[in-house]
Amino acid sequence: MELGLKDRRAIVTGGSKGLGFAIAQELIREGATVRICARNTEEVAAAVDKLGEQAGGQAVDVRDASQLSTFMTWAAESMGGIDILVNNAGGAHPGSFEALSDESLLADFNIKVHSWFRAVKAALPWLRRSPAPRVINIGSVYARMPDFRFFSTTVNRAAGLNLTKALAQELAGDRILVNAVNIGCVETPQWANIHQKRAPEKSADEFFAELAADEIPLARFGKPEEVSGIVAFLASDRASYITGASIDVAGGMGRYA
(Lines give C-alpha, C1' and ligand atoms only; values in the text may rest on other atoms or scores of the structure.)
Protein backbone atom coordinates (compact mmCIF):
# COMPACT_ATOMS: atom_id res chain seq x y z
CA MET A 1 0.00 0.00 0.00
CA GLU A 2 1.37 3.40 -0.99
CA LEU A 3 0.95 5.67 2.02
CA GLY A 4 2.09 8.90 0.40
CA LEU A 5 4.56 9.80 3.14
CA LYS A 6 7.51 10.58 0.88
CA ASP A 7 9.12 13.89 1.87
CA ARG A 8 6.72 14.41 4.79
CA ARG A 9 8.32 15.98 7.86
CA ALA A 10 7.73 14.24 11.17
CA ILE A 11 8.56 14.70 14.84
CA VAL A 12 8.56 11.76 17.25
CA THR A 13 9.01 12.47 20.94
CA GLY A 14 10.56 9.71 23.02
CA GLY A 15 12.05 8.43 19.79
CA SER A 16 15.40 7.02 20.89
CA LYS A 17 14.26 3.49 21.75
CA GLY A 18 11.32 1.14 22.08
CA LEU A 19 8.09 2.16 20.40
CA GLY A 20 9.26 5.68 19.54
CA PHE A 21 12.27 4.34 17.65
CA ALA A 22 10.08 1.84 15.79
CA ILE A 23 7.69 4.64 14.78
CA ALA A 24 10.55 6.85 13.57
CA GLN A 25 11.99 3.91 11.62
CA GLU A 26 8.61 3.11 10.03
CA LEU A 27 8.09 6.71 8.92
CA ILE A 28 11.57 6.87 7.43
CA ARG A 29 11.00 3.63 5.55
CA GLU A 30 7.92 5.27 4.02
CA GLY A 31 10.04 8.19 2.83
CA ALA A 32 9.54 10.75 5.61
CA THR A 33 12.18 12.93 7.22
CA VAL A 34 12.15 12.58 11.00
CA ARG A 35 13.37 14.46 14.04
CA ILE A 36 13.37 12.68 17.40
CA CYS A 37 13.93 13.72 20.98
CA ALA A 38 14.52 11.89 24.25
CA ARG A 39 16.23 12.70 27.53
CA ASN A 40 19.49 10.78 27.12
CA THR A 41 22.04 12.45 24.82
CA GLU A 42 23.93 9.25 24.03
CA GLU A 43 20.77 7.29 23.30
CA VAL A 44 19.51 10.01 20.95
CA ALA A 45 22.84 10.05 19.09
CA ALA A 46 22.85 6.24 18.78
CA ALA A 47 19.26 6.21 17.51
CA VAL A 48 19.93 8.91 14.92
CA ASP A 49 22.97 6.96 13.72
CA LYS A 50 20.83 3.83 13.27
CA LEU A 51 17.98 5.71 11.59
CA GLY A 52 20.26 7.23 8.97
CA GLU A 53 20.51 10.44 7.02
CA GLN A 54 16.78 11.19 7.06
CA ALA A 55 16.89 11.50 10.85
CA GLY A 56 18.08 14.06 13.35
CA GLY A 57 17.58 14.51 17.05
CA GLN A 58 18.24 16.35 20.28
CA ALA A 59 18.30 15.47 23.95
CA VAL A 60 15.16 17.01 25.45
CA ASP A 61 13.09 16.58 28.60
CA VAL A 62 9.57 17.12 27.26
CA ARG A 63 8.41 18.09 30.76
CA ASP A 64 10.50 21.25 30.44
CA ALA A 65 8.54 23.82 28.44
CA SER A 66 11.61 25.74 27.31
CA GLN A 67 13.48 22.65 26.12
CA LEU A 68 10.44 21.35 24.26
CA SER A 69 9.76 24.68 22.55
CA THR A 70 13.40 25.06 21.49
CA PHE A 71 13.42 21.52 20.08
CA MET A 72 10.20 22.01 18.13
CA THR A 73 11.54 25.20 16.56
CA TRP A 74 14.85 23.54 15.67
CA ALA A 75 13.10 20.49 14.23
CA ALA A 76 10.72 22.57 12.12
CA GLU A 77 13.47 24.83 10.80
CA SER A 78 15.82 21.93 10.06
CA MET A 79 13.13 20.14 8.01
CA GLY A 80 11.47 23.21 6.51
CA GLY A 81 8.21 22.59 8.36
CA ILE A 82 6.16 20.00 10.24
CA ASP A 83 3.57 17.67 8.75
CA ILE A 84 3.37 14.99 11.44
CA LEU A 85 3.68 15.19 15.22
CA VAL A 86 3.80 11.93 17.16
CA ASN A 87 3.53 12.45 20.91
CA ASN A 88 5.10 9.25 22.19
CA ALA A 89 7.25 10.26 25.17
CA GLY A 90 6.13 8.46 28.29
CA GLY A 91 7.20 6.98 31.58
CA ALA A 92 6.06 4.34 34.03
CA HIS A 93 4.65 5.31 37.43
CA PRO A 94 2.91 2.09 38.49
CA GLY A 95 1.17 1.82 41.82
CA SER A 96 -2.18 2.07 43.55
CA PHE A 97 -3.79 5.24 44.91
CA GLU A 98 -2.37 4.73 48.39
CA ALA A 99 1.13 3.97 47.12
CA LEU A 100 1.27 6.90 44.70
CA SER A 101 2.89 10.17 45.81
CA ASP A 102 1.83 13.67 44.76
CA GLU A 103 5.15 14.05 42.97
CA SER A 104 4.70 10.86 40.92
CA LEU A 105 1.14 11.76 39.91
CA LEU A 106 2.18 15.23 38.77
CA ALA A 107 5.32 13.96 36.99
CA ASP A 108 3.13 11.50 35.11
CA PHE A 109 0.66 14.24 34.19
CA ASN A 110 3.48 16.46 32.92
CA ILE A 111 4.80 13.83 30.56
CA LYS A 112 1.54 12.19 29.48
CA VAL A 113 -0.75 15.20 29.18
CA HIS A 114 0.99 18.54 29.59
CA SER A 115 3.80 17.70 27.15
CA TRP A 116 1.18 16.84 24.50
CA PHE A 117 -0.54 20.17 25.09
CA ARG A 118 2.73 22.07 24.80
CA ALA A 119 4.01 20.11 21.80
CA VAL A 120 0.85 20.74 19.78
CA LYS A 121 0.93 24.44 20.75
CA ALA A 122 4.54 24.72 19.59
CA ALA A 123 3.95 22.79 16.35
CA LEU A 124 0.66 24.48 15.46
CA PRO A 125 2.02 27.34 13.29
CA TRP A 126 3.86 24.83 11.09
CA LEU A 127 1.04 22.28 11.06
CA ARG A 128 -1.33 24.97 9.79
CA ARG A 129 0.98 25.49 6.79
CA SER A 130 1.22 21.76 6.02
CA PRO A 131 -0.75 20.25 3.12
CA ALA A 132 -1.49 17.14 5.24
CA PRO A 133 -1.12 17.90 8.96
CA ARG A 134 -1.38 15.07 11.48
CA VAL A 135 -1.10 14.73 15.26
CA ILE A 136 -0.91 11.19 16.66
CA ASN A 137 -0.89 10.67 20.41
CA ILE A 138 0.33 7.38 21.83
CA GLY A 139 -1.90 6.54 24.77
CA SER A 140 -3.05 3.44 26.60
CA VAL A 141 -6.07 1.17 26.87
CA TYR A 142 -6.06 2.07 30.58
CA ALA A 143 -7.60 5.40 29.54
CA ARG A 144 -10.89 3.54 29.09
CA MET A 145 -10.18 0.46 31.22
CA PRO A 146 -9.45 1.70 34.75
CA ASP A 147 -7.04 -0.43 36.78
CA PHE A 148 -6.17 0.60 40.33
CA ARG A 149 -2.73 -1.03 40.00
CA PHE A 150 -1.93 1.59 37.34
CA PHE A 151 -3.74 4.44 39.06
CA SER A 152 -1.69 7.31 37.60
CA THR A 153 -1.73 5.84 34.10
CA THR A 154 -5.49 5.30 34.26
CA VAL A 155 -6.16 8.88 35.36
CA ASN A 156 -3.68 10.67 33.11
CA ARG A 157 -4.31 8.58 30.01
CA ALA A 158 -8.02 9.36 30.31
CA ALA A 159 -7.12 13.05 30.33
CA GLY A 160 -4.90 12.54 27.29
CA LEU A 161 -7.66 10.75 25.41
CA ASN A 162 -10.06 13.63 25.99
CA LEU A 163 -7.34 16.12 25.05
CA THR A 164 -7.00 14.23 21.75
CA LYS A 165 -10.71 14.29 21.02
CA ALA A 166 -11.13 17.96 21.98
CA LEU A 167 -8.16 18.94 19.79
CA ALA A 168 -9.62 16.96 16.88
CA GLN A 169 -12.79 19.04 17.11
CA GLU A 170 -11.05 22.39 17.49
CA LEU A 171 -8.38 21.87 14.84
CA ALA A 172 -10.64 20.32 12.21
CA GLY A 173 -11.16 23.77 10.71
CA ASP A 174 -7.41 23.87 10.01
CA ARG A 175 -7.58 20.38 8.40
CA ILE A 176 -5.34 19.06 11.20
CA LEU A 177 -6.24 15.44 11.96
CA VAL A 178 -5.73 14.39 15.58
CA ASN A 179 -5.94 10.75 16.64
CA ALA A 180 -4.87 8.44 19.45
CA VAL A 181 -3.29 4.99 19.34
CA ASN A 182 -3.91 3.13 22.58
CA ILE A 183 -1.41 0.45 23.43
CA GLY A 184 -1.57 -2.23 26.09
CA CYS A 185 1.43 -4.39 26.92
CA VAL A 186 4.12 -3.72 24.33
CA GLU A 187 7.75 -4.75 24.69
CA THR A 188 9.34 -1.45 25.73
CA PRO A 189 11.94 -0.46 28.38
CA GLN A 190 9.17 0.96 30.60
CA TRP A 191 8.07 -2.54 31.53
CA ALA A 192 11.34 -3.22 33.36
CA ASN A 193 10.35 -0.49 35.81
CA ILE A 194 6.83 -1.88 36.16
CA HIS A 195 8.25 -5.36 36.81
CA GLN A 196 10.49 -4.04 39.59
CA LYS A 197 7.66 -2.08 41.20
CA ARG A 198 5.00 -4.80 41.08
CA ALA A 199 6.82 -8.12 41.40
CA PRO A 200 10.58 -7.83 42.00
CA GLU A 201 10.60 -11.33 43.53
CA LYS A 202 9.73 -12.85 40.13
CA SER A 203 11.97 -13.20 37.11
CA ALA A 204 11.17 -10.93 34.17
CA ASP A 205 10.11 -13.90 32.03
CA GLU A 206 7.81 -15.22 34.78
CA PHE A 207 6.25 -11.83 35.46
CA PHE A 208 5.58 -11.03 31.80
CA ALA A 209 4.25 -14.51 31.01
CA GLU A 210 1.81 -14.39 33.94
CA LEU A 211 0.69 -10.88 33.07
CA ALA A 212 0.11 -11.79 29.43
CA ALA A 213 -1.89 -14.88 30.37
CA ASP A 214 -4.07 -12.92 32.82
CA GLU A 215 -4.59 -9.68 30.90
CA ILE A 216 -4.19 -10.20 27.14
CA PRO A 217 -6.54 -12.33 25.02
CA LEU A 218 -3.71 -13.00 22.55
CA ALA A 219 -1.63 -14.10 25.58
CA ARG A 220 1.55 -12.30 24.61
CA PHE A 221 3.14 -8.86 24.67
CA GLY A 222 3.06 -6.87 21.46
CA LYS A 223 6.16 -5.80 19.59
CA PRO A 224 6.90 -2.15 18.74
CA GLU A 225 6.71 -2.85 15.01
CA GLU A 226 3.16 -4.15 15.49
CA VAL A 227 2.16 -0.65 16.61
CA SER A 228 4.28 1.51 14.34
CA GLY A 229 2.38 0.47 11.21
CA ILE A 230 -0.93 1.93 12.40
CA VAL A 231 0.87 5.17 13.31
CA ALA A 232 2.26 5.41 9.78
CA PHE A 233 -1.21 4.73 8.38
CA LEU A 234 -2.78 7.50 10.47
CA ALA A 235 -0.04 9.85 9.28
CA SER A 236 -0.74 8.98 5.67
CA ASP A 237 -3.01 10.14 2.87
CA ARG A 238 -5.02 6.92 3.27
CA ALA A 239 -6.31 8.20 6.63
CA SER A 240 -7.50 11.57 5.35
CA TYR A 241 -11.03 11.20 6.80
CA ILE A 242 -10.04 9.92 10.24
CA THR A 243 -9.87 12.37 13.13
CA GLY A 244 -10.85 12.14 16.78
CA ALA A 245 -10.39 8.37 16.62
CA SER A 246 -9.03 6.19 19.39
CA ILE A 247 -7.55 2.99 18.00
CA ASP A 248 -6.47 0.08 20.25
CA VAL A 249 -3.42 -1.92 19.30
CA ALA A 250 -3.35 -4.14 22.35
CA GLY A 251 -3.96 -7.79 21.50
CA GLY A 252 -7.62 -7.54 22.53
CA MET A 253 -6.76 -6.11 25.92
CA GLY A 254 -9.31 -3.26 26.01
CA ARG A 255 -12.35 -4.58 27.90
CA TYR A 256 -14.97 -2.12 26.74
CA ALA A 257 -17.49 -1.75 23.95
Side-chain angles (χ1 to χ4, degrees), residues 2-15 20 23-24 26-28 30-38 51 54-58 60-90 109-139 159-182 228 230-247:
E2 176 56 53
L3 295 180
L5 291 176
K6 183 173 173 54
D7 298 325
R8 296 283 168 83
R9 301 152 298 183
I11 290 173
V12 181
T13 67
I23 291 169
E26 187 94 28
L27 293 172
I28 287 172
E30 293 294 332
T33 299
V34 176
R35 297 292 180 263
I36 67 169
C37 69
L51 291 169
Q54 288 173 262
Q58 288 186 347
V60 174
D61 185 341
V62 297
R63 296 170 298 184
D64 185 301
S66 177
Q67 288 187 41
L68 182 58
S69 177
T70 298
F71 165 72
M72 298 293 284
T73 299
W74 167 80
E77 291 178 348
S78 70
M79 295 187 294
I82 302 171
D83 301 302
I84 303 158
L85 169 62
V86 182
N87 281 312
N88 169 75
F109 174 83
N110 284 336
I111 198 167
K112 290 176 179 171
V113 183
H114 208 175
S115 75
W116 292 9
F117 178 88
R118 287 168 167 164
V120 176
K121 282 257 190 183
L124 195 54
W126 285 281
L127 289 170
R128 281 180 167 142
R129 295 197 290 268
S130 167
R134 308 283 192 269
V135 176
I136 302 157
N137 295 324
I138 308 301
L161 181 57
N162 280 286
L163 181 150
T164 300
K165 289 184 173 291
L167 277 176
Q169 294 172 27
E170 183 168 348
L171 300 181
D174 292 311
R175 304 169 296 100
I176 300 172
L177 309 184
V178 186
N179 295 292
V181 173
N182 296 324
S228 60
I230 192 66
V231 177
F233 173 77
L234 288 172
S236 77
D237 290 342
R238 302 303 295 266
S240 58
Y241 200 58
I242 302 174
T243 195
S246 170
I247 301 173

- What are the two closest heavy atoms between Leu177 and Ser240, and how far apart are they? CD1-O, 3.7 Å
- Item | Atom pair CG/OG of Asp61 and Ser115 - distance to nearest 0.5 Å | 9.5 Å
- Item | Spacing of CH2 belonging to Trp74 relative to CZ belonging to Arg35, to within rounding of 0.5 Å | 5.0 Å
- Item | Reported OG1-to-CG distance for the pair Thr13 and Leu85, which is rounded to 0.5 angstrom | 7.0 Å
- Asp83: side chain to side chain donor-acceptor pair (under 3.5 Å) partners, not counting sequence neighbours: Arg9, Ser130
- Message: Tell me the closest heavy-atom pair linking Gly81 and Trp126, and the distance in Å.
- Response: CA-CD1, 3.8 Å
- Query: Which distance, rounded to the nearest 0.5 Å, do you find between the CZ of Phe233 and the CG of Leu5?
  - Reply: 11.0 Å
- What's the verdict on side chain to side chain contact (heavy atoms under 4.5 Å, CB included) for Asn179 and Ile247, showing C-alpha distance, side-chain angles and the deciding distance? CA-CA 8 Å; Asn179 295 292; Ile247 301 173; 5.9 Å; no
- Query: Of all heavy-atom pairs between Ala235 and Ile136, which one has the smallest distance, and what is that distance?
  - Reply: N-CD1, 3.7 Å
- Kindly indicate whether the side chain of Asp174, heavy atoms from C-beta on, has any atom under 4.5 Å from the side chain of Pro133. no
- Item | Backbone N/O of Gln54 and side chain of Thr33: donor-acceptor pair under 3.5 Å | no
- Message: If you compare all heavy atoms of Arg63 against all heavy atoms of Arg118, which two are closest, and at what distance to 0.1 Å?
- Response: O-NH1, 3.1 Å
- Under a 4.5 Å cut-off applied to non-hydrogen side-chain atoms, are Val231 and Ile138 in contact? yes
- Task: Before giving the answer on side chain to side chain contact (heavy atoms under 4.5 Å, CB included), spell out for Ile11 and Met72 the whole-Å C-alpha distance, their side-chain angles and the decisive distance to 0.1 Å.
- Result: CA-CA 8 Å; Ile11 290 173; Met72 298 293 284; 3.9 Å; yes
- Message: Does Leu124 form a side chain to side chain contact (heavy atoms under 4.5 Å, CB included) with Ile176? I'd like the steps, not just the answer.
- Response: CA-CA 9 Å; Leu124 195 54; Ile176 300 172; 3.5 Å; yes
- Query: Of the non-hydrogen atoms in Ser228 and Glu26, which two are nearest, and what is the gap between them?
  - Reply: OG-OE1, 2.8 Å
- With the side chain counted from C-beta on, respond yes when Asn87 and Val62 share a heavy-atom pair under 4.5 Å apart, and no when they do not. no
- Passing option when Leu27 is tested against Leu51, Val34, Leu3 for side chain to side chain contact (heavy atoms under 4.5 Å, CB included): Val34
- Message: Test side chain to side chain contact (heavy atoms under 4.5 Å, CB included) on Phe117 and Lys121; report intermediate values, then the result.
- Response: CA-CA 6 Å; Phe117 178 88; Lys121 282 257 190 183; 3.5 Å; yes
- Task: Kindly compute the distance separating CD1 (Ile82) from CD (Glu77), expressed to the nearest 0.5 Å.
- Result: 10.0 Å
- CG-CG distance between Asn162 and Leu167, expressed to the nearest 0.5 angstrom: 11.0 Å
- Message: Any non-hydrogen side-chain atom of Asp237 less than 4.5 Å from a side-chain atom of Arg8?
- Response: yes
- Note on the structure: Closest non-hydrogen atoms of Trp116 and Thr164, given as atom of the first, atom of the second and distance, are CZ3-OG1, 3.8 Å
